[in-house]
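One structure is given below, encoded as structure tokens.
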Amino acid sequence: MALAELYTQYNRVWIPDSEEVWQSAEITKDYKAGDHFLHVQLEDGTELDYPVDPPALPPLRNPDILVGENDLTALSYLHEPAVLHNLKVRFVESRLIYTYSGIILVAINPYKQLPIYGDAIIHAYSGQNMGDMDPHIFAVAEEAYKQMARFSVKNQSIIVSGESGAGKTVSARYTMRYFATVSKSSSNAHVEDKVLASNPITEAVGNAKTTRNDNSSRFGKYTEISFDPSYRIIGANMRTYLLEKSRVVFQSENERNYHIFYQLCASAMQPEFKHLKLGSAEEFHYTRMGGSTTIEGVDDRANMIETQKTFALLGLKEDFQMDVFKTLAAILHLGNLEITAVGDERSSINLEDNHLNIFCELLELNSDKMAQWLCHRKIITTSETVIKPMTKPQALNARDALAKKIYSHLFDYIVERINQALQFSGKQHTFIGVLDIYGFETFDVNSFEQFCINYANEKLQQQFNLHVFKLEQEEYMKEDIPWTLIDFYDNQPVIDLIEAKMGILELLDEECLLPHGTDENWLQKLYNNFVNKNALFEKPRMSNTSFIIQHFADKVNCKETGFIFRLCADFFQDSPVSISPFSSTISIKSARPVLKSPNKQLRMTVGSKFRSSLSLLMETLNATTPHYVRCIKPNDEKQPFEFDSKRVAQQLRACGVLETIRISAQSYPSRWTYIEFFSRYSILMTQQELSFSDKKQICKIVLQRLIQDPNQYQSGRTKIFFRAGQVAYLEKLRSDKLRHACIVIQTSVRGWLQRRRFLCMKQAAITIQQYFRGQRAVRYFWLISLLAVQKYCRGYLVRKLCQLIHVAAVTIQAYTRGFLARKKYRKMLEEHKAVILQKYARAWLARRRFQNIRRFVLNIQLSYRVQRLQKKIEEQVSVIKLFSSALNLAYCTDIILQLQFFIFPVVFKRVLESHFQSQKENYEKEIEGLNLKVEHLSQDINHLQKLFREENDINDSIRLEVSRLTSENMVRCSQAKHVSVTLQYNPKLLVLQSPQKLALYFYIMNLMTLLYADLKPRGVVVNTIPGLPAHILFMCVRYADYLNDADMLKSFINVTIDGIKQVVKENSEDFEMLSFWLSNTYYFLNCLKQYSGEEEFMKHNTPRQNNNCLKHFDLSEYRQVLSDLAIQIYHQFILVMENNIQHMIVPGMLEYESLQGISGLKPTGFRKRSSSIDDTDTYTMTSILQQLSYFYSTMCQNGLDSELLKQAVKQLFFLIGAVTLNSLFLRKDMCSCRKGMQIRCNISYLEEWLKDKNLQSSNAKETLEPLSQAAWLLQVKKITDDDAKEICEHCTSLSTVQIVKILNSYTPIDDFEKRVTPSFVRKVQAMLNNREDGPQLMLDTKYHFQVMFPFTPSPHALEMIQVPSSFKLGFLTRV
């Protein structure tokens, strides 16, 4: 489709505007070829006939769906107004300061502290692919770090540029902080802290307040951060460029000198600085020239303390610091030195000048000679040396030149000492360089500094262009797209003009080397060589003291005044007196590598030095993979989130962003994957096209049908490449299709509504007729039936009277008959009572006779049974006596005697006649128990006799067993070390302990080996009680308590604890092993409590369990040690679970489309770097649920206590909610209504999982409340005051910063969705001002809930526990 065909009614274009640069207008009439005017309507309603030139129609505006993109190159129409508008929408409305432009990160200074640089943000970006999250300086740093790690030896560079006040220094600082955080050094030297500490020092001595920036870097800096093979920081090195030395002696109005001078003056009254004899900054000429000695909100005294701390952190001792401060104070006193004129040709300095004496005292110089050589100069010729006096202006210039020279050397030396502090031993593996350098500058008066700055930017822009084309070519070749050359601005001619042979710099150096070189002579040479000969060099028409250079960004008018002086001022020759500012304390040498001239007689000028250092820098950058950060200053008033379109447009042109856009627009700027295209434009596909299974083929067929010109797109291997405007055209087709579908739906709905309304009206009419006719019939009925009603009424009254009389007669009869009946009843009742008395008396007499007969019979039976029982007992007693004599045991005899003593009196007692039967049963049970005891005692005697026989054999074989077990356990288990050491260093143990106890020590070693080294969770949990190893360990503890052996108990518990620690350490990443030993440690701890004998733990014990309590030892101290160990295992256990599930959370919870047919994402077209290709597995919500189920089943199989299990699940759910919410905050593309529905659906899956596992009481659901409220916030209406009030009332788990962030990041997916207006956001923010919550944006994913170990007594009796043969613990014997 031709671009001109898009200029139709309702489309929008950009019209140039003098105030806003560009303004939007809507086309009111279709444009036709040949029309000279375009009929448009401005946003304020003004109608306008805009004159157009057919070859250059006004640029089209992107659809609203594309506005606010993370990457400017993803816009369908790529031009200056689209870029400017996208940046403005993101910066002003969404409060987003970072935007990608291809490989460039555009950073707009917000002039406000934002909560987006904390450690949580760093960890959120760490490991992420560039483009997966919102643009950020950390994303660029992570990309550089990842490429360095992926390509192992490929060094990286991050180039941060921009004009003064744009935020270069802060961006470079955050980049270095990112590297220091993600690549912590393994040593104790804290190298990363030293690298960060270099920033405050260099800012103090190299930054100053300017009219544009309160902390402007007045030098360029390239910091190489070195890494070892493990990609940890091991050191750094810093190179500086073009320090603005003139600032030391001159500042413009409302500007300051370097910060360090004001910090020193603010600390003048401190004891350690009194010998410097300083005062306030207003007292010194070099610090009061700009008329602004303070900065609002800046405490120079506090900053001085911070500077001293960073000096100390870098290992720069106090004597060095004091030498630096002496030199700085000397410079201030030098500026106050008074020079008086003596006639017209001479000048002099009063030797009594206080500042002269202080200057010489601080630098240990001779004041007489100092005063002489500041007012005289030495001219050396071939034949003689002439000392010539200087005039007062010349002497003042010499004084200022000396001050600049001293400060320059001091600055270089400080940098050199910083580099020495950051040096490292060994070889550098790779490095990442951070270049903080000035951007393109153009002022009303441009001096030598601006000339060098723009020269450096020309070199950097050339390197940038070559890198961009290299990346483009790689992308096209990777996708098998034909590569075609694109016309772009080549700035090599400008570079040649400056640095080539007989170029501007060489002519400048030549003039500086002449004895009487002047600016006028040099400028005349430029005119003669380049005017009308080089198109990039111009001579102003109305000036003979300046020249114009056409740079890539703009034309720059340079004034020649001061060029020669600035370069020659560096040649401060040695005088008969040493004027070294460091005297004998510090030796001076240049901190930069300076290229020596082949001609020793020639001196290197500042221009040649800068050219050499710039060449070295470009050589370094060309050997690395560059990453670009362009800092933009949004306004000159330093107002937060104020956007000056003119200033921003000027900077975009100057920093190369628009050039990147222009290059992208000439090729295929929009690039979508086939999946993204299919998801977005499936609505434009026919049923026949959708019937194909290959989505890639479907996309190609659809594009052939929709876009007739095949040159407007290219199909690659994985992506579709579109020319500029084609995505907007597809969006128009999609909108038209949706609009047509909406019309059809509206037609059907409106017809249905009208039919429904008609049927309602019809039904209402019928109902009214029905009620009217019914009312008329009722009235007619009343008129006709009035007489009948009267008749029935009178009859009713007569019948009622008759019935009343009848009832009265019946009532009288009833009362009479009742009286007669009651009288007869009372007579019958009296006769019946006499019969009952006779019955009971006769029954009593009969029972009395029966009882007498029964008592007689029982007495006879009792006598007979007692005789039989006595005979039987005598027989059993004789048998028991026989066994007792054989065993020679007195115990049984006593029992028999007691039994006889107890039984025989019973026989003769008659009072127990009625209870004899029950006592008989008790006697039989007691006799049976005695028989069992006798049998048991017999077995014990046999066993003891057997042990006595084996005792002599054990004494002979014990030494062989000791040596065998020692060698075996040294190989099999490191857990036995404790016992081995105990035996080695306690020889008394071997001598004093009995052989049985000595053998037990080695059983302990063997037990530890089998339990810790050989025991596997999967082989234990099947068909065994929970915590079986813990119960076995406790039974061993109980045996030591039974023996009352403290040494054995202590050794066993220590070996147990050390063994658990060792197995946890060796399996620190094995979830099953950690779960198994967490459970057993918990059960072991509970056993120690349950059988401790303390009442609070014995409440739920059975009597048998109480009998098994420990008798001799209090193990409360060991319980505390075990409790700490259990907490340690729990935290490691949680960490392993978090590591296993964390990489699934964002893909499953946020990115995966769990609701079929509802896409929560719009294709961005972002072009990822080569190292950012997503080669990871795709995780879904099912993956998360399966992982959770695996955790749950493993914990259940290992018998983990239900309360601990609930705490672990709660911690996991908190992690899921926090990671998802943090990612949502940092991904503007995810903040949409549909994505809110997806998140809410995924939360419901998690809630169902909790319900299915019966874990509702774990409070895990509550940890998802912030995420649930964020999902609700994305879906709710955000327009009216009531909406704002509802948001404030509902979102109680989200902080004000988080709510505002989500509202600002809300991104419509379709045209019918509306953006959240800034006024609504401000309204919500005002309502939330009363909340007392912190400024933190991110949730702390490292936060852990406090773990509680509840006491749960074991229901298993120790004597009932069986040790499975699979444990291989056959050497253990139950006692």
Q: Decide yes or no on side chain to side chain contact (heavy atoms under 4.5 Å, CB included) for Trp1272 and Leu1294, but give the supporting numbers first.
A: CA-CA 12 Å; Trp1272 175 87; Leu1294 295 174; over 6 Å; no
Q.
Run Thr1263 and Ile1216 through side chain to side chain contact (heavy atoms under 4.5 Å, CB included) and show every step you take.
A. CA-CA 9 Å; Thr1263 63; Ile1216 292 172; over 6 Å; no
Q: Carefully, step by step, assess Tyr7 and Asp30 under the rule side chain to side chain contact (heavy atoms under 4.5 Å, CB included).
A: CA-CA 6 Å; Tyr7 288 83; Asp30 292 352; over 6 Å; no
Q: List the steps, then state whether side chain to side chain contact (heavy atoms under 4.5 Å, CB included) holds for Phe1214 with Gln1211.
A: CA-CA 5 Å; Phe1214 171 77; Gln1211 189 68 54; 3.9 Å; yes
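Not counting sequence neighbours, the partners of Arg12 by the salt bridge (charged side-chain N to carboxylate O under 4.0 Å, His left out) test are Asp64. With sequence neighbours excluded, no residue forms a ring-ring contact (aromatic ring centres under 6.0 Å, His included) with Tyr1245. Residues forming a ring-ring contact (aromatic ring centres under 6.0 Å, His included) with His85 (at least two apart in sequence, or on another chain): Trp14. Listed by chain and number, the residues in a salt bridge (charged side-chain N to carboxylate O under 4.0 Å, His left out) with Glu689 are Arg705 (sequence neighbours excluded). Residues passing the side chain to side chain donor-acceptor pair (under 3.5 Å) test with Asn1304, sequence neighbours excluded: none. With sequence neighbours left out, the salt bridge (charged side-chain N to carboxylate O under 4.0 Å, His left out) criterion links Arg1322 to no other residue. Phe772 pairs by the ring-ring contact (aromatic ring centres under 6.0 Å, His included) definition with nothing, not counting sequence neighbours. In this view, Asp1281 and Lys1323 satisfy the salt bridge (charged side-chain N to carboxylate O under 4.0 Å, His left out) rule, not counting sequence neighbours.
Ile1184 places none of its side-chain heavy atoms less than 4.5 Å from the side chain of Trp1249. Contact check for Arg734 versus Arg680: side-chain heavy atoms found under the 4.5 Å cut-off. In this structure, Leu1188 and Ile1141 have side chains that are in contact, with non-hydrogen atoms separated by less than 4.5 Å. Put simply, the side chain of Asn62 does not reach to within 4.5 Å of the side chain of Val727, judged on heavy atoms. Counting heavy atoms from C-beta on, the side chains of Pro1318 and Val92 never come closer than 4.5 Å. Between Leu1150 and Asn1242 there is no side-chain heavy-atom pair separated by less than 4.5 Å. In this structure, the side chains of Leu1185 and Met1181 come closer than 4.5 Å at one or more pairs of heavy atoms. Side-chain atoms of Cys1288 and Val1324, non-hydrogen and from C-beta on, do get closer than 4.5 Å to each other.
Of the candidates Gln1256, Lys1261, Glu1262, Asn1259 forms a side chain to side chain contact (heavy atoms under 4.5 Å, CB included) with just one, namely Glu1262.
Here the side chain of Gln1269 pairs a donor or acceptor atom with the backbone of Ser1293 at under 3.5 angstrom. Of the possible polar contacts, none joining the Asn1222 side chain to the Val1219 backbone as a donor-acceptor pair under 3.5 Å is found. A donor-acceptor pair is defined here as one N or O able to donate and one able to accept, closer than 3.5 Å; no such pair exists between the side chain of Arg1315 and the backbone of Ser94. Of the possible donor and acceptor atoms, none in the side chain of Lys1301 sits under 3.5 Å from a partner among the backbone N and O of Leu1337. Not a single donor-acceptor pair under 3.5 Å links the side chain of Gln1238 to the backbone N or O of Arg1234. The backbone N or O of Leu96 lies less than 3.5 Å from no partner atom in the side chain of Lys1228, so there is not a single donor-acceptor pair. Judged by distance alone, with hydrogens and angles left aside, the side-chain atoms of Ser1193 form a donor-acceptor pair with the main-chain N or O of Ser1189 at under 3.5 Å. Ser679 contributes no side-chain N or O that, together with a main-chain N or O of Ile675, makes up a donor-acceptor pair within less than 3.5 Å. In this structure, Arg95 contributes its side chain and Phe641 its backbone to no donor-acceptor pair below 3.5 Å. In this structure, the side chain of Thr28 does not engage the main chain of Glu26 through any donor-acceptor pair within 3.5 Å.
Salt-bridge check for Arg739 with Asp736: passed, with a basic side-chain N closer than 4.0 Å to an acidic carboxylate O.
Atom OH of Tyr1179 sits about 12.0 Å away from atom CD1 of Ile1145, to the nearest 0.5 Å. A distance of 8.5 Å separates CE of Met1230 from CD1 of Ile1239, quoted to the nearest 0.5 Å. Rounding to the nearest 0.5 Å places CG of Leu42 at 5.5 Å from CG of Leu48. One distance of note links CG of Leu730 with CG of Leu684; it measures 7.0 Å at 0.5 Å rounding. Distance NZ/Lys1278 to SG/Cys1233: 6.5 Å, rounded to 0.5 Å. Note that OG of Ser1268 and CG of Leu1273 are 11.0 Å apart. Values are rounded to the nearest 0.5 Å.
One side chain, Thr46 or Asp44, offers a donor N or O that lies under 3.5 Å from an acceptor on the other. Side-chain atoms of Arg61 and Ser24 form a donor-acceptor pair, as typed in the model, at a separation below 3.5 Å. A side-chain donor-acceptor contact under 3.5 Å links Ser1257 and Lys1206.
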Under 3.5 Å, sequence neighbours excluded: what are the donor-acceptor pairs made by side chains of residues 805-826?
unit_1, atom_1, unit_2, atom_2, d
Thr811, OG1, Val807, O, 2.7
Thr816, OG1, Ile812, O, 3.1

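Taking each heavy atom of Leu690 and Met685 in turn, the nearest pair found is CD2-SD, 3.7 Å. Nearest approach of Gln1336 to Met1338, heavy atoms of both residues: CG-O, 3.4 Å. Here the shortest heavy-atom pairing between Leu1221 and Ala1270 reads CD1-CB, 3.5 Å.
Identified under the side-chain hydrogen bond (donor to acceptor under 3.5 Å, both in side chains) test for residues 780-791, with sequence neighbours left out: none. Each salt bridge (Lys or Arg N to Asp or Glu O under 4.0 Å) pair with one or both residues in residues 1236-1253, not counting sequence neighbours, appears once here: Arg1240-Glu1247. Applying the salt bridge (Lys or Arg N to Asp or Glu O under 4.0 Å) rule to pairs touching residues 753-771 yields nothing, sequence neighbours excluded.
Classified by interplanar angle (parallel below 30°, tilted 30° to 60°, perpendicular above 60°), the ring pair Phe1345/Tyr1343 is perpendicular.
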